[in-house]
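Data first, discussion second: the structure below is written as structure tokens.
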Amino acid sequence: MPTRTAKAVWTGTLREGQGTMKLGSGPTAYEGAYTFASRFAEGQGTNPEELIGAAHAGCFSMFLSAVLTDAGYIPTRVQTAAKIHLGEGPKITAIELDCEAAVPNLDATTFLRYAEESKNKCPVSQALAGTEIKLTAKLVS
């Protein structure tokens, strides 16, 4: 399996400094600025927690798609949002995954079982095992 690399640079003090985070390569690489305000207040830019949320939402969506496909259900769309709660310390205290998926010929009860399995087994969920992960999953047409 490949090894992935992301980079970050921070210059200056905690409150007045600024940084950039970069991931990916080629024309689809992402580079975003972050500051104290974008992380701990409502400032412009991104922050490490949003990137964790994006990684978790992406990993969960792909993993659920794989689980469904392996079970014989072909999803037409899996959309997941992740809310990362940053508490005192600072510490990530909880992650809320909110998923909507369109999967023909699948009942809601079976879908929820596959979604819960995916929440527990996707690699990013496993990496974040010390954090409470909540899931809301809904089958849509």
Side-chain angles (χ1 to χ4, degrees), residues 1-15 17-141:
M1 295 300 267
T3 300
R4 303 296 183 205
T5 303
K7 298 177 183 179
V9 175
W10 185 264
T11 56
T13 65
L14 173 64
R15 291 190 183 273
Q18 59 187 2
T20 57
M21 293 181 280
K22 184 175 182 179
L23 57 119
S25 61
T28 60
Y30 169 81
E31 185 168 351
Y34 70 116
T35 64
F36 181 88
S38 72
R39 188 163 190 201
F40 300 111
E42 297 299 325
Q44 294 292 312
T46 190
N47 57 66
E49 292 74 26
E50 284 178 338
L51 294 177
I52 289 170
H56 202 177
C59 184
F60 172 83
S61 292
M62 287 183 74
F63 199 92
L64 177 57
S65 179
V67 167
L68 291 166
T69 300
D70 287 348
Y73 301 101
I74 307 303
T76 56
R77 183 167 180 261
V78 178
Q79 176 178 316
T80 308
K83 291 181 184 176
I84 308 297
H85 296 267
L86 188 62
E88 295 297 319
K91 180 182 178 184
I92 294 174
T93 57
I95 299 170
E96 294 178 52
L97 296 175
D98 186 8
C99 174
E100 289 188 353
V103 188
N105 306 313
L106 181 63
D107 64 273
T109 302
T110 305
F111 170 71
L112 291 174
R113 189 183 65 205
Y114 289 132
E116 189 65 30
E117 174 187 344
S118 299
K119 179 196 84 163
N120 295 327
K121 291 183 178 178
C122 89
V124 173
S125 287
Q126 290 182 47
L128 299 169
T131 302
E132 179 183 14
I133 301 171
K134 303 173 185 176
L135 173 65
T136 303
K138 181 175 151 184
L139 195 57
V140 296
S141 50

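Just so it is clear, the values below take in all heavy atoms, side chains as well, and ignore hydrogens, waters and symmetry mates.
In this structure, T20 and K22 have side chains that are not in contact, with every pair of non-hydrogen atoms separated by 4.5 Å or more. Proximity of L86 to F40: side-chain heavy atoms (C-beta onward) are separated by under 4.5 Å at one or more points. In this structure the side chain of T46 never reaches within 4.5 angstrom of the side chain of S38, judged on heavy atoms.
Separating the OG1 atom in T35 from the CG atom in L14 is a distance of 10.0 Å, to the nearest 0.5 Å. Within the model, atoms CD1 of I95 and CD of E132 stand 10.0 Å from one another, a figure rounded to the nearest 0.5 Å. Considering CD of E117 and SG of C122, their distance stands at 11.5 Å, rounded to 0.5 Å. Atom CG of L139 sits about 10.0 Å away from atom CD of E100, to the nearest 0.5 Å. Distance check: H85 NE2 to E96 CD gives 3.5 Å after rounding to the nearest 0.5 Å. Of the inter-residue distances, the one linking L135 atom CG with I133 atom CD1 reads 9.5 Å to the nearest 0.5 angstrom.
The two residues F111 and C99 come nearest to each other via the heavy atoms CZ-SG, 4.4 Å. The nearest pair of heavy atoms linking N105 to Y73 is O-CE2, 3.2 Å. Between P75 and V103, the shortest heavy-atom distance links the atoms CB-CG2, 4.0 Å. When all heavy atoms are compared, the tightest approach of T28 to S25 is OG1-O, 3.6 Å. For A8 against Y34, the heavy-atom pair with the smallest separation is CB-OH, 3.9 Å. When all heavy atoms of P104 and I74 are compared, the closest pair comes out as CD-O, 3.3 Å.
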Would you be so kind as to tabulate the donor-acceptor pairs closer than 3.5 Å made by side chains of residues 55-68, with sequence neighbours excluded?
residue, atom, partner, partner atom, Å
H56, NE2, S125, OG, 2.7
S61, OG, A57, O, 2.9
S61, OG, T80, OG1, 2.8

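E116 has a carboxylate O that lies under 4.0 Å from a charged side-chain N of K119, or vice versa, which qualifies the two as a salt bridge.
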- Task: Let me see the working for Q18 and T11 under side chain to side chain contact (heavy atoms under 4.5 Å, CB included), right down to the final yes or no.
- Result: CA-CA 6 Å; Q18 59 187 2; T11 56; 4.0 Å; yes
- Query: Where do K138 and V140 land on the side chain to side chain contact (heavy atoms under 4.5 Å, CB included) test, with the steps shown first?
  - Reply: CA-CA 6 Å; K138 181 175 151 184; V140 296; 3.8 Å; yes
- Message: Before you tell me yes or no, could you show the steps for L128 and I52 under side chain to side chain contact (heavy atoms under 4.5 Å, CB included), namely the whole-Å CA-CA distance, both residues' side-chain angles and the distance that decides it to 0.1 Å?
- Response: CA-CA 10 Å; L128 299 169; I52 289 170; 4.0 Å; yes
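In the displayed structure, Q44 atom CD is contacted under 6.0 Å by at most 12 heavy atoms of other residues, nucleotides or ligands.
A donor-acceptor contact shorter than 3.5 Å links the side chain of Q126 to the backbone of K121.
Counting only residues at least two apart or on different chains, the salt bridge (charged side-chain N to carboxylate O under 4.0 Å, His left out) pairs with a member in residues 39-63 are R39-E49.
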